[in-house]
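To start, the structure itself, in structure tokens.
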Number of protein chains: 2
Amino acid sequence: MNDAPRPGRADAGRTGAGEAGPTFAPLYRQIRELLVRGLQSGEWKPGEAIPSEVELAARYRVSQGTVRKAIDELAAANLVVRRQGRGTFVASHREVRTQFRFLRLRPDDTAADVADAAQPGVASESGQGMVMTSRVLECRRLRAPSEVARALALRSGEAVVLIRRILEADGRPTVLDEIWLPGSRFRGLSAERVDAWHGPLYALFETEFGTRMIRAAERLKAIAADRARARTLQVAEGSPLLLVERVSRTYADQPVELRRGYCVTDRHHYYNELS
Amino acid sequence: MNDAPRPGRADAGRTGAGEAGPTFAPLYRQIRELLVRGLQSGEWKPGEAIPSEVELAARYRVSQGTVRKAIDELAAANLVVRRQGRGTFVASHREVRTQFRFLRLRPDDTAADVADAAQPGVASESGQGMVMTSRVLECRRLRAPSEVARALALRSGEAVVLIRRILEADGRPTVLDEIWLPGSRFRGLSAERVDAWHGPLYALFETEFGTRMIRAAERLKAIAADRARARTLQVAEGSPLLLVERVSRTYADQPVELRRGYCVTDRHHYYNELS
DNA sequence: TAGTGGTCTAGACCACCGT
DNA sequence: CGGTGGTCTAGACCACTAA
């Protein structure tokens, strides 16, 4: 990162210094991006430890404090998990801590939620009993409809995979998921493969297809169940359903999943915390 | 915070050291709590600057770095806003930056949202045109129903204020809000007062009643419009509505608002980002 | 015991802001 | 210009974990 004893200059050795590009980022942000590149390239895989702070400081010729600040941001973005005395690990959807991060639907009874939620971020972790069983209705490959192509940043007509599945809670159909994935990333994906997998879908994607979902944006609407979906969810036609439309992204903000979840919210609700 | 030259001891001068209480927090966390107390007590009011980092460091006999880390956490929790070269300011619902923080309903057309959202937190700030006009239907005082009392941590039967209002977008009724507030905190609140106020409701609460909403938890459901609400919202009875139930809290996690918003989501959606 | 992340300090310099 | 937050460093010590 720097070559000689540096007199505290904040921008020594900046990438692209002096060029027309965007304003230059501080050192710790450059380090952060280098680390992200390491994660993206698979240099360090989910569940594994990244090098220690001192080692990274030596590698990049930077103080430990600077590396620390870089890692702090990665931890805040849930790309990495710190464990005192052990090291810093690449986040994985296989771990219990993180696997409920993208699952906001909860059973109503949960005494937690609105009631307590004394600790800002911690309350969400208590969501345990959420054992919904998945049943795949179909999994087929087709050409992307234009609106799916747009969401996934594909050319219209490119190959995509469509998974339709039901999530059941206590034997009751609760969520109908329609999941669109880019065909190129998910070659061998099949209904059997999904059904055989025990655990979160994102863990399957991460382990078997090397695609880690990093963040997502959701739009929620209340809609009336059409005939087909009402039937599938075993509710009356016209019943109110919560539609959760999600676009998930991996490193470099590349969209890799479009998901529409149609949720029966008689016994469940979507939980969110604002701050 | 400490008395003499301290040899790097991490827990010198801890509050309650040696007692049975919870495990002791690091220095910067104690400082953070002191600052929160200052905010809570009104020592520094919304919009005002808090003392500079060096001044606080001197006051608490701590290094600037420790104060900095404390303030970092307050900034992360949106209690405070840093402005380089100017100072650190108490967050206020009167400011444009923060006033859309608790408003997740957006018009569908928004080209942003799911489509781009290139920067995690930044995308949300673009929500500008959200100019919905408020019309108060009623504002009355009554005894808290048990379930409202529970949410607001009041004794059942204590005085509460109920505000019912309509939010209109482009002249169309879009949200029906039922807002419950503890009577004790909101003495002079009336329909006229709310109607006369231009700007976010939370800005009114903050400025006129000294109650700042810090964070909130929401539960969302899709429900069918009953006769009364359908009429108010000018939709067909049985139409799907997005019910957003929110409990807002102020300092010390005290609940001070229970709000139920019934949203027509034909032209709008609830937006959320996961990470 | 050795290695890791976590805390705290002290001091330097920078970028930005208002006067 | 002086003051503020922002970056970076170097070094000390702590708490925790695993061997």
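Below, chain A is the first sequence line, B the second, and so on; all start at residue 1.
- Within residues 64-82 of chain A, the residues that have a heavy atom under 4.0 Å from DNA chain C are, in order of number, A:R68, A:R82.
- Both B:V54 and A:R29 sit near DNA chain D, but only B:V54 has its closest nucleotide nearer the 5' end.
- For the pair B:R32 CZ and C:dT7 C1', the computed distance is 15 Å after rounding to whole Å.
- The closest side-chain heavy-atom distance from A:V80 to A:I71 is below 4.5 Å.
- The backbone N or O of A:V62 lies less than 3.5 Å from no partner atom in the side chain of A:T66, so there is not a single donor-acceptor pair.
- Under the 30°/60° scheme for interplanar angles, the aromatic rings of B:F209 and B:F205 are found to stand perpendicular.
- Screening B:R215, B:E257, B:Q254 against B:S248 for a side-chain hydrogen bond (donor to acceptor under 3.5 Å, both in side chains) leaves a single residue, B:E257.
- What separates OH of B:Y28 from P of C:dG5 is a distance of 16 Å, to the nearest Å.
- B:S275 and A:N78 get closest at one heavy-atom pair: O-OD1, 2.9 Å.
- Here the side chains of B:V247 and B:R259 are not in contact, with every heavy-atom distance at 4.5 Å or above.
- In this structure, of D:dT4, C:dC8, D:dT9, it is C:dC8 that holds the atom nearest to the side chain of B:S63.
- Put simply, CG on A:L27 is 13 Å from C1' on C:dC13, counting in whole angstrom units.
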Could you please spell out the steps behind the side-chain hydrogen bond (donor to acceptor under 3.5 Å, both in side chains) verdict for B:E218 and B:Y270? CA-CA 12 Å; B:E218 295 187 330; B:Y270 182 99; 2.4 Å; yes

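- The distance between atom OH of B:Y60 and atom P of C:dC8, rounded to the nearest whole Å, is 15 Å.
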In sequence, state the C-alpha distance, the side-chain angles, and the governing distance for B:E206 and B:R212, and then conclude on salt bridge (Lys or Arg N to Asp or Glu O under 4.0 Å). CA-CA 5 Å; B:E206 166 187 307; B:R212 230 190 89 72; 3.2 Å; yes

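- If you measure from atom CG of B:L35 to atom P of D:dG5, you get 12 Å, rounded to the nearest angstrom.
- Applying the salt bridge (Lys or Arg N to Asp or Glu O under 4.0 Å) definition to pairs two or more places apart or across chains, those involving residues 38-52 of chain B are B:E43-B:R59.
- What separates CZ of B:F89 from P of D:dG5 is a distance of 8 Å, to the nearest Å.
- Applying the salt bridge (Lys or Arg N to Asp or Glu O under 4.0 Å) criterion to A:R29, with sequence neighbours excluded, gives A:E73.
- Taken residue by residue, residues 38-50 of chain B places no heavy atom nearer than 4.0 Å to DNA chain C.
- The stretch residues 75-86 of chain B participates, sequence neighbours left out, in these salt bridge (Lys or Arg N to Asp or Glu O under 4.0 Å) pairs: B:E53-B:R82, B:D72-B:R82, B:R83-B:E95.
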Polar-atom pairs under 3.5 Å, protein N or O versus N or O of nucleotides 16-19 of chain C: list them with distances, or write none.
unit_1, atom_1, unit_2, atom_2, d
C:dC16, O4', B:Q84, OE1, 3.1

